[in-house]
Amino acid sequence: MTTESHRYLAGLTLVVRDYDEAIAWYRDKLGFVCVEDTPLEAGKRWVLMAAGAAAETRILLARARDDTQHQAIGRQSGGRVFLFLHTDDFERDFAAFTDRGVTFLEAPRAEAYGIVAVFEDLYGNKWDLLQPKS
């Protein structure tokens, strides 16, 4: 007999050029919350962002340290949609993001799974803003 465990994706690393510019962009453009910003050794920081204070999944903003990491900024998924931001009100968030200067690469579209539009973050990573069908 197996016991079901509670597992979830706690976080992922997003390589960024600069901590403060990334914090400001995700906070001011997408309304994310900086849930932790702890200084570490050698100028490094442990910076966790979340779509909301209660969100289980966090994004760790990691400043690029070398040429290989710098080259990965904005291209961590090889040009494909990298992250999926679910919303309970697509029209509200699409309008708010647009008003705040978020660049959408397409008009919203209805798909079998919900309403979606692709946007770019400050580094060019592609995201889906998605209101799933209930």
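Just so you know, residue 1 is the first one in the sequence shown, and it goes up from there. Because only heavy atoms are used, hydrogens play no part in the values below, and waters and symmetry mates are left out as well, while side chains stay in.
In this structure, D99 places its CG atom where more than 12 heavy-atom neighbours from other residues, nucleotides or ligands lie under 6.0 Å away. Counting heavy-atom neighbours within 6.0 Å of Q69 CD, excluding the residue itself, gives a total above 12. Counted within 6.0 Å of CZ on R65, heavy atoms from surrounding residues, nucleotides or ligands total 12 or fewer; the atom is thus considered open. Remark: R80 CZ is loosely packed, at most 12 non-hydrogen atoms of other residues, nucleotides or ligands lying under 6.0 Å away.
In plain terms, the two heavy atoms of P132 and T87 that are nearest each other are CD-O, 3.9 Å. Of all heavy-atom pairs between A117 and P108, the closest is CB-CA, 3.9 Å.
A donor-acceptor contact shorter than 3.5 Å links the side chain of Q76 to the backbone of V15. A donor-acceptor contact shorter than 3.5 Å links the side chain of E106 to the backbone of V118. Checked by atom type and distance alone, the side chain of K29 never pairs as donor or acceptor with a backbone atom of F97 at under 3.5 Å.
W127 and F32 have perpendicular rings, their planes meeting at more than 60° on a 0 to 90° scale where under 30° would count as parallel. Below 30°, between 30° and 60°, or above 60°: for Y8 and H6 the angle between ring planes is between 30° and 60°, a tilted geometry.
V33 and W25 sit in two unconnected hydrophobic clusters of ILVMFWY residues. Membership requires side-chain heavy atoms under 4.5 Å apart, directly or through other members. L61 and L83 end up in the same hydrophobic cluster when Ile, Leu, Val, Met, Phe, Trp and Tyr side chains are linked at under 4.5 Å.
For the salt bridge (Lys or Arg N to Asp or Glu O under 4.0 Å) criterion with D37, the lone passing option out of R27, R45, K44 is R45.
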